[in-house]
Amino acid sequence: MAYDFDKIARTYDRLNRVMTLGLDCRWRKHAVRGLKGEVLDVACGTGDMMVELTKRGAVATGVDISEEMLAIAKRKSPQSTFLFANAENLPFEDATFDAVTCAFGVRNFVNLEKGLGEMMRVLKPSGCLVVLELATPDNALIKPFYKLYTKFIIPLFGEKIAGNREAYTYLPESMESFPKGDAMVEILRSVGAKDAFHRKFSFGVCRMYTVKKG
Ligand SMILES: C[S@@+](CC[C@H](N)C(=O)[O-])C[C@H]1O[C@@H](n2cnc3c(N)ncnc32)[C@H](O)[C@@H]1O
C-alpha cells in the first residue's frame, strides 16, 4: 500500500533540506535542465520540481495523490496546473507532453511498471522522461555509513521535525529493495523506452534516469 504523505506534508520540505543537507535542490536542478514546453511532473508532492521547471520557462502540470502535498505545491507555484491523480492511471491522452518528470515518487508506486508505463504513454514520441530516485550507494566505504544514517539518524529527524518516526523508517526500508541502476534501466526499456541511461549523484545516493521515447 502507498504511504500516506498527507501526514508529513507540512514538514516535508524542511526535512528534505535537513536530511540531504540541501542536496535535493541541486539534484532537482540537474533533472530539469534542458526540459522545455509542456511538462508533466508526476508525484509532484509540494511542488519543488514544478518551481524549477517554471523558472526555466516550461509550462508545468503536476499530479499527486496527496491533497495536503498538492495544497502546498499550489501555493508555491500558483501559475501551474495541479490535479489529484494517480500515476498509475494518468488522466491524459497518449502523447500529450514534451517531457515528464518524477522526483522521489516511483519508489512509492504500488505497481512500478504500470506507473512508468503511464508516464511513457503520455509522452510525445520525441519526448523525454526524467526520473530521480534515492538509492543505497554501491561504494563499499560509504555504504555502511549511509545505512547507519538512514536506519538511525533519518528516523530520529522524522521524529523530531515531523513528529513521525514511522514515515521516516519506511524510507530506508523501501529503498533497500528498490531496483536501481541497470536493473531500473531494464524496467524502463520493458515499458517502452527506446533509450535509457542513468547517472549517479552524490556517490549514488541519488540516481537520475533519463529516457528517450523515440
Ligand atoms: C517523496 S514525495 C516526492 C515529492 C516531490 N516530487 C519531490 O521532489 O519532493 C513522494 C510523492 O509521491 C506521491 N505519490 C505516491 N504514490 C503516488 C501515485 N501512485 N500517484 C501519484 N502520486 C503518488 C506522494 O503523495 C508524495 O507526494
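Counting convention: from 1, in listed order, for ligands and their atoms alike. Because the structure is a prediction, the values reported are computed rather than measured.
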Run the numbers for me: atoms of ligand 1, each under 4.0 Å from some heavy atom of [X], listed by number.
{"X": "F104", "result": "1 (C), 2 (S), 3 (C), 8 (O), 10 (C)"}
{"X": "S66", "result": "25 (O)"}
{"X": "G45", "result": "4 (C), 27 (O)"}
{"X": "A85", "result": "20 (N), 21 (C)"}

Would [X] count as being in polar contact with ligand 1, using the rule that some N or O on each side must be under 3.5 angstrom apart?
{"X": "V63", "value": "no"}
{"X": "R28", "value": "yes"}
{"X": "M49", "value": "no"}
{"X": "A103", "value": "yes"}
{"X": "T46", "value": "no"}

Which part of [X] is near ligand 1, with near meaning a heavy atom under 4.0 Å away: side chain, backbone, both or neither?
{"X": "F5", "answer": "side chain"}
{"X": "D64", "answer": "both"}
{"X": "C102", "answer": "neither"}

Review point. Where is the tightest heavy-atom contact between A85 and P91, given as atom of each residue plus distance?
Key: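 That would be CB-CD, 3.6 Å.
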Review point. Considering residues, nucleotides and ligands other than F84, do more than 12 of their heavy atoms fall under 6.0 Å from its CZ?
Key: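 Check passes, neighbour count above 12.
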Residues [X] and [Y] bridged, charged N to O under 4.0 Å:
{"X": "R17", "Y": "D24", "answer": "yes"}
{"X": "K213", "Y": "D195", "answer": "no"}
{"X": "K29", "Y": "E52", "answer": "yes"}
{"X": "K114", "Y": "E118", "answer": "no"}

Point to revise | Closest to atom 18 (C) of ligand 1 (judged by heavy-atom distance), picking from L70, N86, D6 | key: N86
**Study point:** Sub-6.0 Å ring centroid separation between F97 and F92
**Key:**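 Yes, the ring centres sit under 6.0 Å apart.
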Review point. Once you round to the nearest 0.5 Å, how far does CG of L123 lie from CG of D98?
Key: 8.5 Å
Review point. Is there a donor in the side chain of W27 and an acceptor in the side chain of T20, or the other way round, less than 3.5 Å apart?
Key: no
